[in-house]
Undergrad: 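A single structure is presented below for examination.
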Amino acid sequence: MSIKQLIKKESARQKKVINLIPSENYVSKDILAALGSPLTNKYAEGKSHQRYYFGNKIVDEIEDEVKKLALKIFKLSDKKWGVNVQPYSGSIANLAAYLGSVGPNAKILAMSLEHGGHLTHGHKVSWTGKLFKFEHYGVGKDGWLDYDEIEKITQKFKPTLVICGATAYPRKLDFKKFRKIADSVVHPEQGRRTLLLADISHIAGLVAGGAHPSPFPYADIVTSTTQKTLRGPRGAFIIARKELSDNIDKAVFPGLQGGPHLHTIAGMGVAFEEALRPGFKNYARQVVKNAKALASELKKLGFQIITDGTDNHLLLADVTPFGLTGKQAGELLEKNNIIVNKNMIPNDPRKPWDPSGIRLGTPAVTTQGMREKDMARIAKQILKILNFKF
Ligand code: DSN
């Protein structure tokens, strides 16, 4: 089959299934048009207006505008914040943020992958785990972050950077508490406080839409991808306090990357424009309402939901009471056109490849117009599939 035919096949698959992967979404036609535009033909190494190639007047305008929009969706001033929209993905954005702020070998504290953090938050198989000295915190037995415990770990470890942000944590992040925790350790020799980085990749759209508290009053650096709740293309950005942003920019280019992907940057700009429309607030709120409805319907049907519910766009369910592992449950659901991902649950006795849980999210189905009543139907269908294993 040709690539063109395979793309058609994948488009049809995306239309046919119920997509409950919390890190996926469906972008608008305008974003697809930006991604498929001739901007992909252009090289523009460097920052806008400081490029190594010529012919960049128009793409400079585009990048400048996208940076302005990135600040606008979070109501930030360019007097205080610098933006970089060039990272190819969240992984590179995180690596660049660490390298450009605290540098290699620094002590960094983050949430462990097993408890809901991210691979690039210093997991041992990621280069972030090899290039820096990471220590991790997790969640308590009840699945909730225990901020007193995080503070104790912080004071003992004395990191120069604290990371908050998760890929599989269903509750609100208390950025104010994380700030206080970071401030409980001082580094007079470095002449600055412990930095706080919020990786809001999962919740960026909720923050922009007012459905989750913002990290910006408290964090020094915020990293994010744009393809999840923000409903943009697969790209990333870093927003950092002005005094940190020059070094972070240098870590992105020339430190880690070459020419920026301008078609993606333009696609991100379109996503930011869409996030500024009044309807986006309703979308963000509905994503959370749907996730809450899905969690409560599954709970009514006997599912064990980690932390008993959710405050955001995702939930974690332990499927072992059905006599299934997360992998088996995911495969059964896929056979029946419901797409989830297998996921570790807190303190999981099983391994990541075949864990005890599944992770479910509502950004994509909300984009398709589904509401609470649809979540009730989906929950019943999930139960039927897992009970009868067909
Ligand atoms: N792998 C992504 C997720 O699904 O959460 C994060 O990078």
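Start at 1 and go down the list; that is how both ligands and their atoms are numbered. Only heavy atoms go into these numbers, but all of them, side chains included; no hydrogens, no water, no symmetry mates.
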Undergrad: Could you name the protein residues that come within less than 4.0 Å of ligand 1, counting only heavy atoms, and order them by chain and residue number?
TA: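 Ligand 1 pocket, heavy atoms under 4.0 Å: Ser23, His118, Thr167, His202, Lys228, Arg359.
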Undergrad: Hydrophobic cluster mates of Val102, side-chain heavy atoms under 4.5 angstrom, ILVMFWY only, any path?
TA: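 Reading the cluster by chain and number, Val102 sits alongside Ile92, Leu95, Tyr98, Leu99, Ile108, Trp127, Leu131, Phe132, Phe134, Leu161, Ile163, Leu195, Leu197, Ile221, Ile238, Leu244, Ile248, Val252, Leu256.
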Undergrad: Within 45° of the six-membered ring axis of Tyr283 and under 6.0 Å from that ring's centre, is NZ or CZ of Arg231 located there?
TA: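 So Arg231 does make the cation-pi contact.
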Undergrad: Give a yes/no verdict on a cation-pi contact between Lys67 and Trp81, requiring under 6.0 Å between NZ or CZ and the six-membered ring centre and an angle within 45° of the axis.
TA: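 Pair Lys67/Trp81 does not count as cation-pi.
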Undergrad: I'd like to know if Glu63 and Arg51 make a salt bridge, using a cut-off of under 4.0 Å between side-chain N and carboxylate O.
TA: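 Looking at Glu63 and Arg51, the cut-off is met.
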Undergrad: Taking ILVMFWY side chains as joined if any heavy atoms are under 4.5 angstrom apart, and letting links pass through other members, which residues group with Tyr52?
TA: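 Its cluster partners, ordered by chain and number, are Tyr43, Tyr53, Phe253.
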Undergrad: List the residues meeting side chain to side chain donor-acceptor pair (under 3.5 Å) with Lys42, not counting sequence neighbours, and say none if there are none.
TA: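 Residues passing side chain to side chain donor-acceptor pair (under 3.5 Å) with Lys42: none at all.
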